[in-house]
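Just so it is clear, the model here is predicted, and its values are computed rather than measured. Each chain gets a letter, A, B and so on, in the order the sequences are listed, and its residues count up from 1.
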Protein chains: 2
Amino acid sequence: MINYEALFKISYGLYIVCSGNRDRGNGCISNTVFQVTSDPPRFATCCNKNNLTAEFIQNSGAFSVSILEQNASSEIIGKFGYKSGKEFDKMIGLQIHYGETGVPIVLDESISFLECKVVQTVDVGTHFMFIGELIQAEIIDGTKDSLTYQYYRHVKKGAAPKNAPTYIDKSKLKAESIDYLLKKYQCPACGYIYDEAVEAIKFDDLPDDWICPACGSEKSDFIEI
Amino acid sequence: MINYEALFKISYGLYIVCSGNRDRGNGCISNTVFQVTSDPPRFATCCNKNNLTAEFIQNSGAFSVSILEQNASSEIIGKFGYKSGKEFDKMIGLQIHYGETGVPIVLDESISFLECKVVQTVDVGTHFMFIGELIQAEIIDGTKDSLTYQYYRHVKKGAAPKNAPTYIDKSKLKAESIDYLLKKYQCPACGYIYDEAVEAIKFDDLPDDWICPACGSEKSDFIEI
């Protein structure tokens, strides 16, 4: 028996993982960044094989990780988490530091960053796990807290996109109480669905300044489906 | 340049990872448990090659993960995190549920658990990374929060043991301000060192009911070194 609700008890952060070079970089939101050994310090990250970032990491043999601050905006999460870099250059308009390997490192809305050189690539099915040796780490702003996946889910009401390792099809979640009056609302900009059956708060009860956690569209733009 | 302080911004939980069978089980504390793919749901955990738990996972081809509650006691963390199962059976005296693969699953002080069947073992240097397919997941107590590594470090004043992937030699940490009056105190029971140079609070300012985060010994037992 798999109760998918149990998986939400695992703690994760939220990161922008980037790769590429000065001419063309790309990045995506990841919640799977973790240290795998301390001596030497090595870090792993999982990236969907269909993501442009996976291709860039394979080509450059390096990646950067920017650790998002707790109040990271929906705009930056929407840009890196819900849009593909195949259509536009995500680096435009951001403060980018180029690492020792040449990979772009996003400084915006981040509290610290890592840069890693890939030493191992593991095929784990739908995703590649890239294991990299740490070559650079620095704090950007030590006064702020990290954004955790739990905070993103509970406070920001965000959900994992389909390409994430932690994506869970909502039909797999147990509805604690069945309420036939519960509704769904869709963001017209990005398609994000606010489903009252899996959220603790009714859509109407959300504050007026609530915005789409995926792309930042306003609450009033949402359409009942 | 590697600023090791930057690594503390990465978010982790704290888990008891177990393996073995009904006759003999063992487990250790891990902060590296994470989902690597969603379809099928697969999870990875890193275990030091010298740990008895690594040997048990290799022999049984399965492992369980108990997600510790925020107020997990120093006793359970000390037992699984700082003591070796080579010397005694850690399962004695605990509430153990045996999984579909026969591995023990610790229910004490945990809010949910997973059981995984190993599908891949990756040698990442000092550690093995075991990747397992999820075969069982259940909530034990849905009302409590998970213990995060950050909470363990900041509130419980705990540190990673030497075998952990996230262990950092304290000499590598930048002292934000050098204070020659800072002291060190050692736990006589387990050897845990409270180092004022890396903690935000002076030892004398800790509450009287503060206990060793590693083994639960009382504050008054600590010896200045």
Side-chain angles (χ1 to χ4, degrees), chain A residues 1-15 31-44 46 48 65 67 111-114 119-120 122-127 129 131 134-140 142 145-150 160 162-169, chain B residues 1-15 31-44 46 48 65 67 111-114 119-120 122-127 129 131 134-140 142 145-150 160 162-169:
Chain A
M1 224 313 272
I2 295 177
N3 177 350
Y4 284 86
E5 301 278 355
L7 311 187
F8 287 131
K9 303 295 183 185
I10 300 174
S11 303
Y12 299 97
L14 274 178
Y15 313 95
N31 65 345
T32 46
V33 169
F34 42 87
Q35 192 163 356
V36 296
T37 61
S38 68
D39 190 21
R42 284 184 180 157
F43 289 80
C46 290
N48 192 287
V65 176
I67 300 169
I111 56 175
S112 72
F113 70 80
L114 321 177
V119 292
Q120 238 171 320
V122 186
D123 185 335
V124 290
T126 52
H127 290 63
M129 185 191 293
I131 298 173
L134 184 70
I135 56 169
Q136 198 188 169
E138 199 45 85
I139 289 179
I140 302 166
D145 287 332
S146 315
L147 175 60
T148 64
Y149 186 45
Q150 198 191 26
K162 284 210 165 176
N163 275 355
T166 50
Y167 173 76
I168 297 176
D169 187 313
Chain B
M1 223 316 270
I2 295 177
N3 178 351
Y4 284 87
E5 301 278 354
L7 311 187
F8 287 131
K9 304 294 183 186
I10 300 173
S11 304
Y12 299 97
L14 275 178
Y15 313 95
N31 66 346
T32 47
V33 169
F34 42 89
Q35 192 163 355
V36 296
T37 60
S38 69
D39 189 21
R42 284 183 181 159
F43 289 80
C46 288
N48 192 288
V65 175
I67 301 169
I111 57 175
S112 72
F113 70 79
L114 320 178
V119 292
Q120 237 171 320
V122 186
D123 185 335
V124 290
T126 52
H127 290 63
M129 184 191 294
I131 299 172
L134 185 70
I135 56 169
Q136 195 187 172
E138 199 44 85
I139 289 179
I140 302 166
D145 287 332
S146 315
L147 175 59
T148 65
Y149 186 44
Q150 198 192 26
K162 284 210 167 177
N163 275 355
T166 50
Y167 172 75
I168 297 177
D169 188 312

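- Residues V122(B) and M129(A) fail the side-chain proximity criterion, which asks for heavy atoms closer than 4.5 Å.
- Side-chain contact check for D39(B) versus Y167(A): every heavy-atom pair is 4.5 Å or farther apart.
- Ranked by heavy-atom pairs shorter than 4.5 Å toward chain B, the options A137(A), G13(A), S112(A) are led by A137(A).
- Proximity to chain B involves both the backbone and the side chain of Q136(A), based on heavy atoms less than 4.5 angstrom apart.
- With a 4.5 Å cut-off on non-hydrogen atoms, I10(A) touches chain B through its backbone and its side chain both.
- Both the backbone and the side chain of T126(A) come within less than 4.5 Å of a heavy atom in chain B.
- With a 4.5 angstrom heavy-atom cutoff, I135(A) touches chain B only via backbone atoms.
- Remark: side-chain polar atoms of Q35(B) are not paired, donor with acceptor, to backbone N or O of A164(A) under 3.5 angstrom.
- Within the 4.5 angstrom heavy-atom criterion, atoms from both the backbone and the side chain of L134(A) approach chain B.
- Interatomic distance, H127(B) NE2 to T37(A) OG1, rounded to the nearest 0.5 Å: 7.0 Å.
- Only the side chain of P41(A) comes within contact range of chain B, with heavy atoms under 4.5 Å apart.
- Proximity to chain B (any heavy atom under 4.5 Å) is restricted, for Y4(A), to the side chain, taken from C-beta onward.
- Under the side-chain contact (heavy atoms from CB on, under 4.5 Å) criterion, S146(A) pairs with I67(A), I111(A), K9(B), S11(B), not counting sequence neighbours.
- In this structure, chain B has a heavy atom under 4.5 Å from the side chain of D145(A), while its backbone stays farther away.
- If you tally non-hydrogen atom pairs under 4.5 Å between each of T32(A), N163(A), V65(A), T166(A) and chain B, the highest count goes to T166(A).
- For I139(B), the parts lying under 4.5 angstrom from a heavy atom of chain A are both the backbone and the side chain.
- Between V124(A) and Q120(B) the shortest side-chain heavy-atom distance falls below 4.5 Å.
- Using a 4.5 Å cut-off between heavy atoms, Y15(A) touches chain B through its side chain atoms alone.
- Residues satisfying the side-chain hydrogen bond (donor to acceptor under 3.5 Å, both in side chains) criterion with S38(B), sequence neighbours excluded, are absent altogether.
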